[in-house]
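The structure appears below as structure tokens.
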Amino acid sequence: MTDPQRPNQNGDFVNDARQELAGMLKDGLDHPSTKPVLIWGAAGAVAGAFLPFVSIGLGLAAGAGYKFYKRVRPD
């Protein structure tokens with residue numbers, strides 16, 4: 001079933017992720033994916049500061065990467 005919010009989604013993850021990232025870079029904070037990705041990145045960084053053997057950078061990348069993936073593939 002085709003999502004009306006994503007009419008050009010053809011099932012290729014790399015292409016969909018590239019289009020989503022290009023939209024985020026072009027629109028900045030006005031893009032609907034930018035704020036959730038930044039919030040989850042910040043939450044991951046905070047978690048990384050408190051967890052042993054996890055750095056702030058790794059937590060940031062994990063949080064932002066997870067939310068970006070869920071924005072591209074919500075199911």
Side-chain angles (χ1 to χ4, degrees):
M1 183 164 121
T2 304
D3 186 1
Q5 298 289 354
R6 301 170 188 270
N8 297 328
Q9 189 175 27
N10 60 4
D12 181 24
F13 176 76
V14 174
N15 188 31
D16 293 343
R18 191 179 79 211
Q19 288 178 352
E20 187 75 13
L21 184 60
M24 289 171 65
L25 291 173
K26 185 178 91 173
D27 296 338
L29 288 175
D30 292 332
H31 194 276
S33 293
T34 304
K35 289 178 187 173
V37 169
L38 291 176
I39 290 169
W40 275 75
V46 169
F50 291 111
L51 294 173
F53 305 111
V54 178
S55 68
I56 293 173
L58 181 61
L60 176 97
Y66 171 77
K67 191 58 176 180
F68 182 75
Y69 175 78
K70 293 307 283 182
R71 294 294 293 188
V72 174
R73 291 286 183 259
D75 46 345

- Could you tell me which residues satisfy side-chain contact (heavy atoms from CB on, under 4.5 Å) with T34, sequence neighbours excluded, listed by chain and number?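 Applying side-chain contact (heavy atoms from CB on, under 4.5 Å) to T34 gives M24, L29, H31, L38.
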- Item | Residues which pass side-chain contact (heavy atoms from CB on, under 4.5 Å) with A62, listed by chain and number, not counting sequence neighbours |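 Counting only residues at least two positions away or on another chain, A62 forms no side-chain contact (heavy atoms from CB on, under 4.5 Å).
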- Quick one: are K67 and I39 in side-chain contact, heavy atoms under 4.5 Å?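 No, too far: nothing below the 4.5 Å cut-off.
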- Query: Which residue pairs pass the ring pair (Phe, Tyr, Trp, His ring centres under 6.0 Å) test with at least one member in residues 53-75, sequence neighbours excluded?
  - Reply: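 The answer is F13-Y69, W40-Y66.
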- Task: Heavy atoms only: give me the nearest R71-P36 pair and the separation to one decimal.
- Result: NH1-CG, 4.4 Å
- Query: What pair of heavy atoms forms the shortest contact from R73 to D12, and how long is it?
  - Reply: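 The pair with the smallest heavy-atom distance is NH2-C, 3.4 Å.
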- Pairwise distance CG(D16) to CD(Q19) - rounded to 0.5 angstrom: 6.0 Å
- Message: Rounded at 0.5 Å granularity, tell me how far NZ in K26 sits from CG in L21.
- Response: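 Between atom NZ of K26 and atom CG of L21 there are 13.0 Å.
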- More than 12 non-hydrogen atoms from neighbouring residues, nucleotides or ligands closer than 6.0 Å to CD1 on I56, yes or no? no
